[in-house]
> 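Have a look at this one before I ask anything.
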Amino acid sequence: MKKLLMVYAVLIATFMLFLYVYAFREDTNRTEDAMYGGLHGDIGEKYVMVNFQSGIDYWKSCLKGFEDASASLNVSVEYRGATQYDANEERTVLEQVIAKKPAGIAVSAINPDALVVSINKAVEAGIPVVLFDSGAPKSKAYSFLGTDNYNAGVKAANQMAELMGGSGKAAVITLPGQLNHQERTRGFQDTIRTLYPDIQVIAVEDGKGDQLVSGSVAKRLLGEYPDLTGIFATEANGGVGVGNAVKEAGRLPKVKIIGFDTDKGTLDMVKSGIISATLAQGTWNMGYWSLMQLFHLKHGIVQQVADWQGSGMPLVPTYVDTGITVVTRQNVDSYYAK
């Protein structure tokens with residue numbers, strides 16, 4: 001009987017020791033989480049960035065922000081995109097990504113409508129989707145992170161008016177099928193019309209996002225309007241094409257050029273004085289905060305609302321302005337990639 005009691009005593013002591021160790025480890029883990037944890041996911045979680053013309057320099061800063069956020073959150077990222085400026089190709093790429101059921105997708109839409117069905121399909125399948133840089137307002141994506149493009153057009157107009165001395169003829173070379181470029185153009189035209197009555201916008205032309213096409217369009221405009229003194233190109237390739245055309249026509253420095261973005265070709269032209277100014281977007285912010293929003297949505301670290309779209313109570317901010325600054329010869333060195 002005494003031996004049996006001893007066995008019971010040992011078993012009870014062992015069990016109590018187990019409970020103590022278990023409780024201590026839990027407390028330790030909670031303490032470590034509080035000290036070092038923060039927002040941490042699993043390296044097996046894969047978030048995908050999808051865009052168009054995936055090989056251009058412009059996306060590098062967006063992707064860097066996306067990657068920096070993934071390092072902070074301990075998750076994986078993948079970069080996918082259409083190789084050409086082709087809506088069908090981007091839609092195909094997006095469908096391929098959706099089929100692999102990633103943890104979340106950040107999309108820059110080639111135009112407002114082309115990807116709506118695919119984006120909605122992903123959201124309805126439980127895959128969080130946010131848009132960056134170029135939006136698709138009719139889709140069910142949770143948020144748009146990017147430039148206030150209308151305001152960017154306003155800034156360009158004010159800068160152009162200053163460069164032109166408040167009078168003269170100006171033109172816009174843009175991508176008329178893409179929402180962000182439509183808004184930049186509208187902001188530019190509205191501001192010129194409202195604030196600068198002595199400046200006339202004589203043409204809005206399609207440069208197709210291509211350096212050679214934009215250059216050809218600029219060359220034609222310079223021929224048709226000998227008194228043209230200002231050209232606003234709403235994207236980077238167009239700005240470089242316009243710069244080449246104006247230089248070849250011998251119209252520098254009379255014709256002032258405002259470009260967009262901070263690829264090396266544009267910055268080089270700003271530094272040399274061919275392009276008078278360019279507008280820099282907060283591209284790193286687009287990528288970084290896109291992934292942060294996707295992570296929060298994936299992990300439910302958001303306000304719990306059953307029908308957020310119907311109720312008007314968004315789970316995450318539906319719009320994040322990532323900022324815009326004017327780059328001139330005075331501050332251009334700060335914008336070269338380090």
> For a quick check under 3.5 Å, do Q281 and Y58 share a side-chain donor-acceptor pair by atom type?
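Present: a donor and an acceptor within the cut-off.
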> How long is the span from the CD1 atom in I274 to the CZ atom in R329, to the nearest 0.5 Å?
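Rounded to the nearest 0.5 Å, the CD1-CZ separation comes out at 9.5 Å.
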> What is the distance from atom CD1 of I119 to atom CD1 of I98, rounded to the nearest 0.5 Å?
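So the CD1 of I119 and the CD1 of I98 are separated by 8.0 Å.
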> Taking NZ, NE, NH1 and NH2 as the nitrogens, is one of them in R193 or D190 under 4.0 Å from a carboxylate oxygen of the other?
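A salt bridge links R193 with D190.
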> Could you tell me whether a side-chain N or O of N120 sits under 3.5 Å from a main-chain N or O of K140, the two making a donor and an acceptor?
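At least one qualifying donor-acceptor pair exists.
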> Give every residue pair that meets the ring pair (Phe, Tyr, Trp, His ring centres under 6.0 Å) criterion with at least one member in residues 192-241, sequence neighbours excluded.
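Residue pairs passing ring pair (Phe, Tyr, Trp, His ring centres under 6.0 Å), neighbours aside: F188-F232.
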> Report yes or no: do V172 and I258 belong to one cluster of Ile/Leu/Val/Met/Phe/Trp/Tyr joined by side chain heavy-atom distances under 4.5 Å?
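Same cluster.
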> Determine, using the 4.5 Å side-chain heavy-atom cutoff (strictly less than), whether L163 and L228 are members of one ILVMFWY cluster.
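Looking at the clustering, L228 is in a separate group from L163.
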> Quick check on Q84: does its CD atom have over 12 non-hydrogen neighbours (other residues, nucleotides or ligands) under 6.0 Å away?
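No, not enclosed.
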> Would you say M164 and V270 are hydrophobically clustered, going by side-chain heavy atoms of ILVMFWY under 4.5 Å?
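They do not share one cluster, since no chain of ILVMFWY contacts under 4.5 Å joins M164 to V270.
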> Counting heavy atoms not belonging to K256, are there more than 12 under 6.0 Å from its NZ?
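Buried by this count: over 12 neighbours within 6.0 Å.
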> Name the orientation class of the two ring planes belonging to F52 and Y85 (parallel below 30°, tilted from 30 to 60°, perpendicular beyond 60°).
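Perpendicular: the ring planes of F52 and Y85 meet at over 60°.
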> For the pair E235 and R184, find out whether any cationic side-chain nitrogen is under 4.0 Å from an anionic carboxylate oxygen.
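Salt bridge flag = no for R184 with E235.
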> Just how far is it from atom OG1 of T234 to atom CG of N180, taken to the nearest 0.5 Å?
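The CG atom of N180 is 8.0 Å from OG1 of T234, to the nearest 0.5 Å.
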> For Y335 and D261, test the side chains for any donor-to-acceptor distance below 3.5 angstrom and give the result as yes or no.
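Judged by distance alone, the side chains do not pair up.
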> Between T185 (side chain only) and H181 (backbone N and O only), is there a donor and an acceptor less than 3.5 Å apart?
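Yes: the side chain of T185 pairs with the backbone of H181.
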> Kindly give the cluster partners of L179, where membership spreads through any ILVMFWY side chain lying under 4.5 Å from a current member.
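L179 shares its hydrophobic cluster with no other residue.
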> Can a donor-acceptor pair be found between the side chains of N331 and S334 at a distance below 3.5 Å?
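The answer is no; no qualifying pair exists.
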